[in-house]
Each structure stands twice: as C-alpha cells, then as structure tokens.
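Here, residue 1 is the first one in the sequence, and each next residue gets the next number. Every heavy atom of this structure was used, including side-chain atoms; hydrogens, water molecules and symmetry mates were not.
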Amino acid sequence: MRTDIQGLRAIAVGMVVLYHLRHSFMPGGFAGVDVFFVISGFLITTHLVQRVPTSSGDLFAFWGRRIRRLLPASLVVLAVTLVAVRLFAPATQWTTSALDARAAALYVVNWALARQAVDYLAKENDPTAFQHFWSLSVEEQFYFFWPILIAVVALLARRAQVRQRTALVVALGAVAALSFAYSVQQTASDPSAAYFVTPTRVWELAAGGLLALWTTRAAAGTARPGGDVLRAVGSWVGLGLLAFTAAAYSGATPFPSWQAGVPVLGAVLLILTAPAAGDRATPGPLLALRPVQWLGDVSYSVYLWHWPLVVVGGYVLDREFRLADLAVILAATLVLAYLTERYVERPFRHPRAASFPRATYAAAAAAMAVVVGLATMQVSAAANADEAARNDLQQAIAQGGPCFGAAALDDDADCQAVPFDEVVPAPALAATDKSAAYREVGGKDCWSYTPTFPSRRCGFGPRPDDAERSIALVGNSHAGHWLPALQPLAREHNWHVDTFLASQCALSDVLQKFETRAHAGACRDWVDRTVEAVIDRDVDLVVMSNRVSVGALDHTFAESLPLYAAGYRTVLERFRAAGIPVLVLRDTPAPRDLVPTCIAENEDDYAACDGTRARWLPADPVTDAVAGLPDGGSPVELVDLTDHICEADVCHAVTGGVVTYFDGSHLTATFAHTLAPYLDPLLVRLLR
C-alpha cells in the first residue's frame, strides 16, 4: 500500500470532517470529496488497465470486489443511523430521513438531493443524516460504468488494430473533457443541482484515470516522471493547493465547475510525484506518520460515521455545538471507524471472501434489502401516523369553534392553551400541511421554478364560465399559502380562482438575486409574462402577496427594499391601467426556524417556539409601493392581517390549537383556512 495515497486519504477525510464539524474550521473542507474522487479514479483505472475486463465474468468479479469493499460498512452505518434517527430525531424528520436512507442504500441519493436542491421549500429543511452518501453514490455509479467503458474501448481497439493505451487515453480524455464542460455549464446555470449530479463529477474521477494511464506507462519504462527536484516541488505544490482550497474556498464558491480543478490538480500532483516516506525533500515523511496512515486506513469508515453523529448529536443536544461537543463527536467518530474497519471492512477484504462470488451478490442483495426494508417500514409507519393525524385534523376542522385557529386571537375571545396531544395538525403532518398549489394539477404542481421560471397557471373552484367572479392569486410562495383561505370563499360565493405562482421569485419588476444572473433574468421575465397573462384573462380581482427573501441583484438587502417597492409599483400600475382592482396582502410574520420540528422537540413546552412580533414581522416594501401610487384608477387596497396571526407582542407557533407554520415562514393550510372569515368582507367589497 502506498503511504502517499493513504496519507492523501487522511487529508481528504480530515478536510471533510473538520468542515462538517464547523465550517469556520476549514471553510473549503468540502473539497476533500474531490480528492477522494481522484484517488478512486486512479486506483480503479490502474487495476482495470492492468487486467482489462474481457468477459462478463471479469466484470462481475470486479463489481464483486467493490461490493465486498464498500457495501458492508455502508449498510451497517445506514441501518444503525436509521434506528438512531427513529429514537432521537423529532417525528418531522422520520419520513425525509427514511427516504434519503433508502436512496442511499440504492446509491442514487445524489440524484434525489439534486431534485431537492431546486426546490425552494426543500432548501429550508434540515439536512438528514444520510446526505453525505451523495458522494458514495457518485462513486458507485462510476464503478458500474467505468469498467464497461474500458472493456468496450479495449475491444474496439483490438478490432481496429489500434494501440489499446492510445485508445483508452482518447476515450477517457473525451469523457473528462465532456464532463468538465458540462460541469462548468451546469454550475453556471443550475449550481445547486450541479453540485450533486454524477456527470458534473465524472471528470474528477477521469483525471485520476488518466493519471493511472500515465503512471502505468512510466512504470513500464516508456515514460519517466521528472527528476527529484521537480518531483519534490510538485509534491509541495500539490499539498499547497489542497491547503489553499481548504482555507480560501467556502460555500459561496461556485462548485464544482473549474474551481474543482484546484483540489483535483493538488491530488494529481501528490499522486504523480509519489512522495516516499524516506524522501526528506517531499511531504512523504509527514504523510507516512503512523497517525496519518491510521487515519487513511480508516478513512472510509470515518467518512461514513462522522455526519450521522453530527446530525443525531444535534437532535440529542438540541443546541449549537460547543467545542467540547465537537471533541466528543470527533472521538466517537474515530472509535466507531476503528471498530467498523476492524470487524466489518477487514473480514470482507480477506482473500477467502473472494472465493464465493455468488455468495457476495446474494449477501449484498439481502443486506441492501434489509436496509431498504427498514427505511420503507419507517416511511410506512410515518404514513400510518399521518393518516391517523389527518383524521384528527378533519374532525377538528369540522368542529371548529370560537377558539380554533385565528379566531382565538379575536378581541372577544376567551381561549385557553391547548395541550400538545390536542394540537392539529400533528407536527409531522404539519410539515406537509400545504396549500393545494403543491399538489399535482394536470401532472405537475402549480409553481414556476428556477432556473427558467416557465409560466404555470392552475384553476380552482367552479369553471370560469360558470363562476360569478374570477380572482387571480399572484406572487411567490407567500401568495400560495393564502390559497386555502380563498378556496372556501370561492365555494361559498361561486368564484373561480386562478393561481400564477413562482417559487421564491417575487412579483416585482426588479432583478432579484438568484444563484446566477440568468436566473435573475428568468425571474424578471416571469413577472412580465405573469402580469400580461393576468390582464389577458380579464379577471375581476387580483390578490397579491410576496415574501422578499433575497436582495436585488448587486445590492445589499437594505438597498434592495426601495428597488422592490418601485418594482411593485410598476406591476400595480399595470393592473390599474387594465382596470383590475388589486387586494395586496402584507407579508406574514416569519419565524425562520422550522416550527413543526421545534414543536416536536418541545412537546411539554411548545410555547418555547413562539417569537416576538418585532422579530418575526418582516419589512415589506409593497407597503411603500401602495402608498406611492397616484390617486385615481381602479382600487388598490393594502390589507394587513397580522393581528389575526399574532398577538400585540407575541407570534405563536401554535395559534388556537393549530400549528401556524409548516416550515420557517409559510402558513399551514389549516391555519390559513381559519383566516378566510377575515378576508371575506374585503373580497366581497372589491368584487362588487
């Protein structure tokens, strides 16, 4: 075993662990994953070119070795973590954690995370204890198709009478170039998803593969690396590039894109120069230190255990980690990693384990089925609990009463605090208690999403031709959470409601700060198209509400508020010019913390999740926009229903026995439903 590669593994896992323990320790430590990719690409390709697969038996033998090397430890960690999440995590985390665990067991969790990354609401969720499996999923997918690629290229080279190594260099180089180009393009256009998907990362593994072709050629005597001085300089430069990445990169660095080339080049240089333990002019003696080598030996298990301990530890302690907490988590990680490497990984690496290839696949399938089954059982149990909670919710809504939901805040109300077991929806169900705009209508939900913000309209209530009046609900997600208040009124008064909703993009004529300028432009285009679409439908009333969650492009948040106000004014004046009255709903208070999770963690004292009105109520530039409109034209009315959501000084996580928010800012559908009586007279008056 090369001491330099084991040392490089230790550096990589150390970067990742320190980053996850506390970002400030090593803000660019996430790039340790990219170092692992280079190492994996190098070692796997070295093995494959030394014995190119020529039959299905060779391929299955290769995959069998990968299974024995990787699956036992990963499946043990998945199973133990699933149980720990069930024991220590709040109920709001059980379903999402189990779904991630199932995807991780099948090594596709990176694609699941990529889908979540473009979901504005999913971004507000706490990360599960299984999200670090995304990089292992990328590697497993690489291990599946890479030997097939090499086998096919070698076969074609033989038939075309081309040198096998030349053909492999061309093929692997082409894959690396295409993947690199795709990584740059996707990171620029859709950075959140680009971080997780396999095609943006293959070039890093391919870089290790091309390095393997070079070093095996050098070992054969047909090429020679540089002299001792050049190799010493190269090894220190490689180590310096990794140190630079760890210190200078951060979560704000566009990644992977070309920026990933810095840690990739650093890893390539260290492997290429192969600093030896006895070479004092290189980092070899440092990498060969016994503690470093030990950490490299257990690096895989360290990577598996550290993140579940961070996440579950957060559930147990329920506070920000102190240095002592981080030291305990680090120590527990190292102990568990040692035990896992000694008693799980090592036995499956024994040569005798390779004597039973069919047993390898059978055992892997059985173990994977157990983990997938455990996750599925947890999802099913959560679904059953949700069904029972849904029945309780329907009964509570049917009973209603003068102390149910927003009514408990009426001036003449005399209501008592509701015990936790009578609160509806139950916290786990509250996290999914969203408006009908989130359900599929015509095969998809009612939202326009980044990066392109395509137009999307949904209709609710009677058919437009049969309705007495038509309403357009417009804005971002803070317009969408008002839909449950509009729907019962639409049924009562025979109104039709059309929704024109975007995720995060506010209906203001201003360039808003998204991940890229292209996203900002797409949001602004959606605003323009939406105003035109509403005017073209000749609706009787526009109901508009928005949350300003990002600043204007190239401005601070404080500088952005007047720009948003001007943008709102432009939109409102266009509606007025078309003769459409507008009801503007001031933005609702936002706790920012995940309310259902907080309630689940504080059952006996869920009032601990309350907050002050001054802290929760956001600035809403639409108030200035409405105030600045000239007199005349169709009416534009600004309505503030905060008094029906909060008391004079306090906003509650549970109001009148109803969970107020399904996340850190959006009203639950149930609570929004209880606000309908306060909207009713306003809508009726404007629709006359």
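Interatomic distance, S24 OG to Y19 OH, rounded to the nearest 0.5 Å: 11.0 Å. The OG1 atom of T3 lies 10.0 Å from the CG atom of L289; values are rounded to the nearest 0.5 Å. Separation of atoms CD1 (I44) and CZ (R65) is listed at 9.0 Å; rounding is to 0.5 Å. One finds the OG1 atom of T46 at 7.5 Å from the CG atom of L211 (value rounded to the nearest 0.5 Å). Once rounded to the nearest 0.5 Å, the distance linking OG of S183 with CG of L178 reads 12.5 Å. Here the CG atom belonging to L168 is positioned 6.0 Å from the CG atom belonging to L213, to the nearest 0.5 angstrom.
Y449 is not listed as a side-chain neighbour of Q504, based on a closest heavy-atom distance of 4.5 Å or more. Within the 4.5 Å cutoff, no side-chain heavy atoms of T340 are placed close to those of L304. I11 places a side-chain heavy atom less than 4.5 Å from the side chain of L239. Considering only heavy atoms from C-beta on, P53 comes within 4.5 Å of L48 through its side chain.
Salt-bridge annotation for D34 and R201: present, with a side-chain N of the basic residue lying under 4.0 Å from a carboxylate O of the acidic one.
When every heavy atom of L18 is checked against every heavy atom of M26, the shortest pair comes out as CD1-CE, 3.7 Å. In this structure, V344 and A73 approach most closely via the heavy-atom pair CG1-N, 3.7 Å. Contact detail for A31 and F255: the closest heavy-atom pair is CB-CZ, 4.2 Å. Heavy atoms only, all atoms of each residue included: L287 and Q293 are closest at O-NE2, 2.7 Å. Here the closest heavy-atom approach between residue A79 and residue L374 is recorded as CB-CD1, 4.3 Å. When all heavy atoms of A375 and L82 are compared, the closest pair comes out as N-CD1, 3.8 Å.
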Review item, side-chain donor-acceptor pairs of residues 265-281, under 3.5 Å, at least two apart:
| unit_1 | atom_1 | unit_2 | atom_2 | d |
| --- | --- | --- | --- | --- |
| T273 | OG1 | L269 | O | 2.7 |
| T273 | OG1 | L270 | O | 3.4 |
| D279 | OD1 | A281 | N | 3.3 |

Please evaluate residues E515 and T450 with respect to the criterion side-chain hydrogen bond (donor to acceptor under 3.5 Å, both in side chains), reporting the C-alpha separation (whole Å), side-chain torsions for both, the decisive distance (0.1 Å), and the verdict.
CA-CA 9 Å; E515 291 182 311; T450 184; 5.6 Å; no
Given the rule in the side chain to side chain contact (heavy atoms under 4.5 Å, CB included) test, do S250 and T253 qualify, once you have shown the distances and angles that lead to the verdict?
CA-CA 5 Å; S250 71; T253 305; 4.0 Å; yes
Passes side-chain hydrogen bond (donor to acceptor under 3.5 Å, both in side chains), S40 versus Y143? Steps please.
CA-CA 9 Å; S40 295; Y143 296 150; 3.3 Å; yes
Report the C-alpha separation of W111 and Q141 in whole Å, then their side-chain angles, then the decisive distance to 0.1 Å, and conclude whether the side chain to side chain contact (heavy atoms under 4.5 Å, CB included) test is met.
CA-CA 11 Å; W111 294 100; Q141 293 159 31; 3.2 Å; yes
Are W146 and L205 close enough, and set up right, to give a side chain to side chain contact (heavy atoms under 4.5 Å, CB included), and what steps lead you there?
CA-CA 10 Å; W146 202 246; L205 293 134; over 6 Å; no
Verdict with supporting geometry, Q93 and T597, side chain to side chain contact (heavy atoms under 4.5 Å, CB included):
CA-CA 8 Å; Q93 299 299 308; T597 298; 3.4 Å; yes
Could you walk me through whether R290 and D297 pass salt bridge (charged side-chain N to carboxylate O under 4.0 Å, His left out), step by step?
CA-CA 10 Å; R290 184 57 202 147; D297 291 342; 3.7 Å; yes
Would S301 and E345 satisfy side-chain hydrogen bond (donor to acceptor under 3.5 Å, both in side chains), going step by step from the backbone distance to the final call?
CA-CA 9 Å; S301 289; E345 288 188 59; 2.4 Å; yes
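The aromatic ring centres of F88 and Y315 sit 6.0 Å or more apart.
Around atom CZ of R159, no more than 12 heavy atoms belonging to other residues, nucleotides or ligands sit under 6.0 Å away. Other residues, nucleotides and ligands contribute more than 12 heavy atoms inside 6.0 Å of the CZ atom of F321. Within a 6.0 Å sphere centred on CZ of R517, heavy atoms belonging to other residues, nucleotides or ligands number 12 at most.
Ring pair Y303/H132 is tilted by interplanar angle, where 30° to 60° counts as tilted. Taking the six-membered ring where tryptophan is involved, the planes of W134 and F37 are perpendicular, since the angle between them exceeds 60° and thus also 30°. Note: W307 and H20 have tilted aromatic rings, judged against thresholds of 30 and 60 degrees for the angle between ring planes.
Side-chain N or O atoms of T215 include one that pairs as donor or acceptor with a backbone N or O of A212 at under 3.5 Å. In this structure, the side chain of S97 does not engage the main chain of W94 through any donor-acceptor pair within 3.5 Å. A donor-acceptor pair under 3.5 Å is formed between the side chain of Y300 and the backbone N or O of L70. Between the side chain of D100 and the backbone N or O of T128, no donor-acceptor pair lies under 3.5 Å. Looking only at distances, no side-chain donor or acceptor of S179 sits under 3.5 Å from a matching main-chain atom of V175. Between the side chain of H47 and the backbone N or O of T45 there is no donor-acceptor pair closer than 3.5 Å. Side-chain atoms of K513 come within 3.5 Å of backbone N or O of H555 as a donor-acceptor pair.
For the 3.5 Å distance criterion, the side chains of T282 and W236 fail to qualify, holding no donor opposite an acceptor. Under 3.5 Å, the side chains of T200 and Y195 contain no donor-acceptor pair of N or O atoms. The closest side-chain donor-acceptor pair between Q185 and S189 falls under 3.5 angstrom.
For the pair R102 and F130, the cation does not sit on the ring face, since its NZ or CZ is not both under 6.0 Å from the ring centre and inside 45° of the axis. Taking the centre and axis of the six-membered ring of F348, the NZ or CZ atom of R68 falls outside the cone set by 45° and 6.0 Å.
The ring pair (Phe, Tyr, Trp, His ring centres under 6.0 Å) search around F133 returns none, not counting sequence neighbours.
Exactly one residue among W63, F60, F62, Y107 makes a ring-ring contact (aromatic ring centres under 6.0 Å, His included) with F144. That residue is W63.
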